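Have a look at the structure below, then the notes.
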Amino acid sequence: MQSIRPVKGTRDFFPEDMAFRRWLYAKIQKTSERFGYQEYDGPFLERLDLYAAKSGDELVKKQSFVFEDRGGEMVALRPELTPSLARMIATKSKVLPRPIRWWSFGPFWRYERPQRGRSREFFQWNIDLLGIESPEADAEIVAAGAEFLRSVGLSPDAVKILVNDRMLAESQLDNIGIGPERHPLAFRLIDRRDRMPPEKWADWSLEEGLSLGELEQLQGLLDDREAWRSSAPLQRLFEATDTLGVGDYVAFDPTVIRGLDYYTGTVFEARDAAGNFRAIFGGGRYDDLVSAVGGDPVPGTGIAMGDIVIRLVLEQYDAIPPLDARPAKVLVTTFDEGTLMPALQLTTEFRVSGLEVEWYPVAEKLTKQLKYANRVGARIAVILGPDEIAAGTVTIRDLRSGEQQSIPRGEAAAYAKAILEA
RNA sequence: GCGAGCGUAGCUUAGCGGUAAAGCCCCGCACUGUGGAUGCGGUGACCGCGGGUUCGAAUCCCGUCGCUCGCCCCA
């Protein structure tokens with residue numbers, strides 16, 4: 001029994017878990033770099049002020065790990081990266097060549113109730129394009145997200161990236177008589193429409209102050225899947241995503257609004273088609289954020305993807321390949337006390353020749369050592385006993401085929417390599 | 001912050017009033033210079049914790065802590 005429990009909502013990464021994290025990181029890195037993005041990172045701790053302005057009350061006041069440091073400063077474990085990004089861009093906005101294309105993968109913390117698809121400590125991919133205010137910039141970000149999904153084996157049948165534009169939504173709201181002062185209310189209603197039974201949602205909307213006529217018109221807007229045709233920016237965005245080859249992944253969805261306060265235009269959200277999970281990634285355009293943290297205005301657009309939901313989705317679609325958490329494919333056994341040092345010497349020779357080698361560091365029965373080799377998935381077992389030493393050879397056993405060869409010591413490493421590369 | 005369910009060996013679970021069981025894992029033996037299979041044996045649990053009911057509690061009741069799931073919010 002454990003007397004010291006881990007902190008609620010944190011995760012231990014055992015080697016098998018680490019293998020998945022590394023696999024995911026490699027996919028993210030590959031996709032990001034294919035689009036020409038540079039890797040960066042920010043601090044894990046930020047001053048609370050950074051988030052206070054723009055992230056949204058719920059996220060800052062209730063869902064951040066906030067504490068006072070020894071100097072009396074209020075700091076927060078970062079709940080998201082975009083404000084740090086905006087701050088970093090703000091300090092160098094005059095010297096960075098634009099467009100600025102940056103990506104990152106690191107840990108974040110939110111003080112929430114852990115449940116399916118959500119923990120208090122998670123890793124997140126961020127990819128952002130700043131300095132360019134065009135629908136094509138948004139399209140590129142969407143395409144990067146789509147190409148990531150493709151690279152991990154999730155087809156357009158399995159996942160969709162839903163796109164909307166808050167500007168379009170706002171002008172539509174104005175048209176049906178819901179003015180700017182009631183936009184925040186309307187956004188809240190829209191955001192939750194898919195999560196409630198229609199009757200309940202309608203009742204709630206009326207309670208919140210919508211008239212019956214407004215409610216009907218609002219429902220009409222949300223059911224209009226062709227509304228993007230009246231938006232020049234969205235037309236351009238969808239034309240660009242088609243040209244980028246990801247049209248199958250992308251769909252207009254008037255109910256996507258996103259919760260964060262700093263989004264100013266387009267918003268994106270990737271979801272599994274079956275609707276079994278929370279959003280896989282989310283993002284949008286934030287043209288005022290850099291100036292809000294004290295810089296010259298720099299427009300930006302980007303997405304963030306957590307590692308937890310994507311893992312659940314990948315498991316659902318059986319898309320995670322077998323991952324090897326053990327680097328060494330060669331195990332050098334230790335025959336007896338007398339050959340312990342020679343075995344260690346041989347191990348070193350193998351390593352010098354570039355092999356990843358694990359050495360069994362105690363002279364136990366060969367049976368046990370081979371059992372271990374089999375158990376940990378080694379491909380090759382190396383035996384160096386008195387017979388081999390007398391003959392100047394090494395026994396190389398291929399654990400997959402069960403065949404073994406006596407090889408002159410000087411050729412042993414090359415022989416082992418040949419087996420591994422066959 | 002609100003609501004529900006569940007806590008039995010390292011893991012997955014059975015037992016649901018009569019003094020704790022299986023599978024997996026781990027260790028040993030058959031096999032003292034050869035792994036995977038099989039067989040045999042072994043280590044390992046104050047049944048989350050505290051209190052109550054009872055002749056007797058893993059089992060029923062209350063409390064507490066923890067975990068999981070849903071709401072809120074969001075990756």
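Small disclaimer: the values here were computed from a predicted structure and weren't measured.
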Atom pairs under 3.5 Å, N or O on each side, protein against nucleotides 11-13 of chain B: can you list them with distances?
none

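The salt bridge (charged side-chain N to carboxylate O under 4.0 Å, His left out) pairs that include a residue from residues 376-401 of chain A are R379(A)-D398(A), where partners are two or more places apart or lie in different chains. Judged as a salt bridge (charged side-chain N to carboxylate O under 4.0 Å, His left out), the pairs with a partner in residues 328-353 of chain A (not counting sequence neighbours) are, in order, D324(A)-K329(A), E349(A)-R409(A). Pairs engaging residues 372-409 of chain A under the ring-ring contact (aromatic ring centres under 6.0 Å, His included) rule: Y360(A)-Y372(A) [sequence neighbours left out]. Pairs passing the salt bridge (charged side-chain N to carboxylate O under 4.0 Å, His left out) check and including a residue from residues 412-422 of chain A, sequence neighbours excluded, do not occur.
One interatomic measurement links the two molecules: CG of N276(A) to P of rG70(B), which rounds to 11 Å at whole-angstrom precision. rC73(B) atom C1' lies 18 Å from atom CZ of F108(A), rounded to whole Å. As a whole-Å value, the separation of L312(A) CG from rC69(B) C1' is 13 Å. Rounded to whole Å, atom P of rU34(B) lies 12 Å from atom CD of E388(A). In this entry the distance linking CD1 of I396(A) with C1' of rU34(B) reads 14 Å, nearest Å. What separates OH of Y111(A) from C1' of rC74(B) is a distance of 17 Å, to the nearest Å. Atom pair F187(A):CZ and rC73(B):P shows a separation of 16 Å (rounding to whole Å applied). With rounding to whole Å, Y51(A) atom OH is found 15 Å from rC74(B) atom C1'.
rA9(B) and rA14(B): their P atoms are spaced 13 Å apart (whole Å). Taking atom P in both rA21(B) and rC47(B), the straight-line distance is 13 Å, to the nearest Å. For rG66(B) and rU8(B), the C1' atoms lie 15 Å apart once the distance is rounded to whole Å. Atom name C1', nucleotides rG50(B) and rA4(B): the rounded distance is 24 Å, in whole Å. For rC72(B) and rC61(B), the P atoms lie 32 Å apart once the distance is rounded to whole Å. The same atom, C1', is picked in rG18(B) and in rA58(B); the two are 13 Å apart, to the nearest Å. Comparing rG28(B) with rU54(B), their C1' atoms sit 45 Å apart, to the nearest whole Å. Across the P atoms, rA45(B) and rC49(B) are found 13 Å apart, a figure rounded to whole Å.
Between the side chain of R113(A) and the base of rC73(B), no donor-acceptor pair under 3.5 Å is found.
Taking a pair as Watson-Crick or G-U wobble with both distances under 3.5 Å, RNA chain B forms stems of 3 or more consecutive pairs at B:1-7 with B:65-71, B:10-13 with B:21-24, B:26-30 with B:38-42, B:48-52 with B:60-64.
No contact: E364(A) has no heavy atom under 4.0 Å from any strand. Residue contacts shown for F335(A) include a base, since a base heavy atom lies under 4.0 Å away. Using a 4.0 Å heavy-atom distance criterion, R116(A) is classed as a sugar-phosphate-only contact. Contact annotation for I280(A): backbone-only contact, meaning every heavy-atom pair under 4.0 Å involves sugar-phosphate atoms and none involves a base. Residue S119(A) is in base contact, counting any heavy-atom pair closer than 4.0 Å across all strands shown.
For the OP1/OP2 pair of rG70(B) and a distance below 4.0 Å, the side-chain nitrogens and oxygens of Q115(A) include at least one atom meeting the criterion. In terms of phosphate contacts, T367(A) brings no side-chain nitrogen or oxygen within less than 4.0 Å of OP1 or OP2 of rC31(B).
Residues from residues 369-380 of chain A placing a heavy atom under 4.0 Å of any atom in RNA chain B, listed by number, are L370(A), K371(A), N374(A), R375(A). Contacts between residues 301-308 of chain A and RNA chain B, defined by a heavy-atom separation under 4.0 Å, are made by A304(A), G306(A). The stretch residues 25-39 of chain A has no heavy atom under 4.0 Å from RNA chain B, so no residue of it qualifies as close. At a non-hydrogen distance threshold of 4.0 Å, R397(A), L399(A), R400(A), G402(A), Q404(A) from residues 397-422 of chain A come into contact with RNA chain B.
Heavy-atom neighbours of R98(A) CZ from other residues, nucleotides or ligands within 6.0 Å: above the threshold of 12. Counting non-hydrogen atoms of neighbouring residues, nucleotides and ligands closer than 6.0 angstrom, the CG atom of D318(A) reaches no more than 12 such neighbours.
In summary, the aromatic rings of F238(A) and W228(A) are positioned with their centroids under 6.0 Å apart. For F281(A) and W125(A), the distance between ring centers is not under 6.0 angstrom. Between F187(A) and Y263(A), the distance separating the two ring centers is not shorter than 6.0 angstrom.
With values rounded to the nearest 0.5 angstrom, T266(A) atom OG1 is found 7.5 Å from L234(A) atom CG. Remark: Y111(A) OH to E121(A) CD distance equals 14.0 Å, nearest 0.5 Å. Distance check, rounded to the nearest 0.5 Å: CG of L48(A) to CD of E68(A) gives 11.5 Å.
E364(A) places no side-chain N or O within 3.5 Å of a backbone atom of Q369(A) that could act as its donor or acceptor partner. Of the possible donor and acceptor atoms, one in the side chain of R166(A) sits under 3.5 Å from a partner among the backbone N and O of I257(A). Under a 3.5 Å cut-off, the side chain of R47(A) and the backbone N or O of M74(A) do not form any donor-acceptor pair. The main-chain N or O of F14(A) is found under 3.5 Å from a side-chain atom of D17(A) such that the two form a donor-acceptor pair. At distances below 3.5 Å, not a single donor-acceptor pair connects side-chain atoms of T339(A) with backbone N or O atoms of P342(A).
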Would you check, one step at a time, whether the test salt bridge (Lys or Arg N to Asp or Glu O under 4.0 Å) holds for R225(A) with D223(A)? CA-CA 6 Å; R225(A) 300 280 146 173; D223(A) 290 334; 5.5 Å; no
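Nucleotides of RNA chain B nearest to F122(A) and R118(A) differ in position, and the one nearer the 5' end is that of R118(A). Mapped onto RNA chain B by nearest heavy atom, L366(A) and Y263(A) fall at different nucleotides, with L366(A) at the one closer to the 5' end.
Annotation: cation-pi geometry not satisfied between R110(A) and F65(A) (NZ/CZ under 6.0 angstrom from ring centroid, within 45° of ring axis).
With sequence neighbours excluded, the residues satisfying side-chain contact (heavy atoms from CB on, under 4.5 Å) with D248(A) are P156(A). Partners of R118(A) under the side-chain contact (heavy atoms from CB on, under 4.5 Å) rule, at least two apart in sequence or in another chain, are E112(A), R113(A), Q115(A), R278(A).
Out of rC29(B), rC73(B), rG33(B), the shortest distance to the side chain of K365(A) is found at rC29(B).
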